[in-house]
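A quick note: this is a predicted structure, and the numbers were derived from the prediction, not measured. Atoms within each ligand, like the ligands themselves, are counted from 1 in listed order.
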Amino acid sequence: MIKITGKGVYGAIAIGKISVFNRNEVPVKRAHITDVDAEKERFERAKADTLRELGEIYEKALKEVGEANAQIFEIHQMMVEDDDYNESIINIIETQKVTADYAVAVTADNFAAMFAAMEDAYMQARAADVKDISNRIIKNLTSVGEQGGVSENQVIICADDLAPSETVSLDKEKVLAFVTAYGSSNSHTAILARTMNIPAVIGTGEKMLEQVSDGALAIVDGYTGTIYVDPDEETIAAMKKKQDEDAARKRLLLELKGKENVTLDGRHVNIFANIGGPQDIGAVLLNDAGGIGLFRSEFLYLENSDFPTEEEQFRAYKKVLESMAGKKVIIRTLDIGADKQVDYFGLDKEDNPALGFRAIRICLKRPEIFKVQLRALFRASIYGNLGIMFPMITSEKEIEQIMAIVEEVKTELREQGLQFSDSIELGIMIETPAAAVISDRLAPMVDFFSVGTNDLTQYTLAIDRQNPKLEDFCDTHHEAILRLIELSAKNAHEHGAWIGICGELAADTTLTEKFLKMGIDELSVSPSFVLKVRDAVRSLDLSK
Ligand code: PEP
Ligand code: MG
């Protein structure tokens, strides 16, 4: 048995087989062949399989994400059949007498380098596509499973790290647990694991990848951040017991469903849920959240290979609003940048992405993108109780600019005879120390504040939330953070705004009492933490 330790980011136990996540690249060795014709036939067969698969993916995408998004798979099919691409592969097989796998890999590298060197951002992005289709062909040549190695059965995914877009694209039904060598507990992968109720251990160090192998039995203990590879009988029995106790505790929490979020002395608080998209609504309803306090709309962008259209966004927002049947739904506008990178935005590489061109800064500099989202949000507003909030605010000027764009959008919609609600609440995230410090000036400009403690912690303590080496320095209860929240609460209330917390700290029940005493009106947490927080609220007596 091998014991590996990291940091547990979602407390639960998973027992199952390991699947090592292999990113797009499939390592291919140069190997010689003698029968050139047989090799060319092998290539043609793999190509035909690839075209068939891409056709199936296109059909699935057409149904699930609409024609605009499905188109990329038509382009992939065209790339597979491209004459230059095919000639290069055949040429390499014939002249160098090497395997088709190698010929495809070399061609992929050459074509990707050629695309990457082009001026045009759209063409540069094609480098990833040519690698993608080539890997699919190589997989069909070698009969390796799908990307990510997620097979028919449920598995424990072990990876160096997972980008948010990779995490969202995994088939959640098949993931028992995540284990990553890097990452930090506030990274979006960790947040997603919590949203999806999946035990996860991060920051194990890269040696972990040498200690795990596909198909090996393992246990992930998300409470202690431990992974047992090839566990002995004793460990299996102990972990199964822990898993049973866990299930019993979770059942007990479910008994809190339908109960009010009220303290013993009668103080009510809203407990809402954080989501990444319509797919999380099931968890929100199951856990009886009173609304949605944070819809991270950027996931609509991360899941796509091009800008989601107004129509696509409208459909997603409408679906969430309708599913919540009149309960509050706060949708945060695009928060791209830092750890949430999207190729098609064509953003420059930055030395300090967390302090860089991100979130509202992108929206204000590229209003054409921002307006599409605002139009979709306003149009969807008639289907429920919408609040819109803006991330990464630092100044009054930004809010003035936002409000001017909002007014433009409203005017355009009116002119086009398109309906929208006149009771949409507009709020801002308090996630920079600047916003908290001048919250007395910002509060009169908005309906509500929502404290993003993940970024507020990062910026207040000067601790990169992505850097696992800094976990020990990251005191999430630091007095500076608590004072900034308290100050924001006081200023919000003095100016008639309400205030919630939607960062991970909202679920920290050791702080619930403090937050309620500060006057926090709403706590928005991962769906799986709603009942835990309700339990904490119901056991408090603030009069003492
Ligand atoms: C936060 O910063 O606390 C927050 C809720 O936003 P995100 O985690 O998406 O950056
Ligand atoms: Mg944030």
K.L.:
What atoms in ligand 1 come closer than 4.0 Å to a heavy atom of Gly503?
P.N.:
3 (O), 5 (C)
K.L.:
Of all the atoms in Asp455, is at least one N, O or S atom closer to the Mg ion (ligand 2) than 2.8 Å?
P.N.:
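Looking at Asp455, which is the residue asked about, there is an N, O or S atom under 2.8 Å from the Mg ion (ligand 2).
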K.L.:
Hey, is ligand 1 close enough to Arg296 that some N/O pair sits below 3.5 Å?
P.N.:
yes
K.L.:
What do we get for Gln458 next to ligand 1 when only non-hydrogen atoms under 4.0 Å count, side chain, backbone, both or neither?
P.N.:
neither
K.L.:
Glu431 versus ligand 1: do any nitrogen or oxygen atoms come within less than 3.5 Å of each other?
P.N.:
yes
K.L.:
Select one of side chain, backbone, both or neither to describe which atoms of Glu504 lie under 4.0 Å from any atom of ligand 1, heavy atoms only.
P.N.:
neither
K.L.:
Please determine, by modelled atom types, if Thr226 and Asp221 share a side-chain donor-acceptor pair under 3.5 angstrom.
P.N.:
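No donor-acceptor contact under 3.5 Å links the two side chains.
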K.L.:
May I ask you to identify, for Leu294, whether its side chain, its backbone, both or neither come under 4.0 Å of ligand 1 on a heavy-atom basis?
P.N.:
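Side chain only; the backbone of Leu294 stays clear of ligand 1.
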K.L.:
Any idea which N/O/S atom from Glu431 gets closest to the Mg ion (ligand 2)?
P.N.:
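Sorting the N, O and S atoms of Glu431 by distance to the Mg ion (ligand 2) puts OE1 first.
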K.L.:
Side chains of Glu206 and Tyr182 only: does a donor on one sit below 3.5 Å from an acceptor on the other?
P.N.:
yes
K.L.:
Under 4.0 Å from a heavy atom of Arg332: give me the atoms of ligand 1 that qualify, with their elements.
P.N.:
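Answer, ordered by atom number: 4 (C), 6 (O), 7 (P), 9 (O).
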K.L.:
Determine whether the side chains of Asp521 and His268 contain a donor N or O and an acceptor N or O closer than 3.5 Å.
P.N.:
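Not at all, the side chains of Asp521 and His268 share no donor-acceptor pair under 3.5 Å.
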K.L.:
Counting distance only, does the side-chain N/O of Ser395 pair as donor-acceptor with the main-chain N or O of Glu398 below 3.5 Å?
P.N.:
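Flag set: sc Ser395 to bb Glu398 pair under 3.5 Å.
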K.L.:
Do Thr453 and Glu504 get their side chains close enough for a donor-acceptor pair, meaning under 3.5 Å?
P.N.:
no
K.L.:
Under a 3.5 Å threshold, yes or no: a donor from one side chain and an acceptor from the other, between Gln243 and Asp246?
P.N.:
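On atom types as modelled, these side chains do not qualify, holding no pair under 3.5 Å.
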K.L.:
Enumerate the atoms of ligand 1 whose separation from the nearest heavy atom of Asp335 is less than 4.0 angstrom.
P.N.:
10 (O)
K.L.:
Of the side chain and backbone of Val451, name the one, both, or neither that has a heavy atom under 4.0 Å from an atom of ligand 1.
P.N.:
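Val451 to ligand 1: no contact under 4.0 Å from either part.
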K.L.:
So is Lys340 in contact with ligand 1, going by heavy-atom distances below 4.0 Å?
P.N.:
yes
K.L.:
Do the ring planes of Tyr10 and Phe529 sit parallel (below 30°), tilted (30 to 60°) or perpendicular (above 60°)?
P.N.:
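The arrangement is parallel - the two ring planes meet at less than 30°.
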K.L.:
Under 6.0 Å between ring centres, would you say that holds for Tyr317 and Tyr383?
P.N.:
no
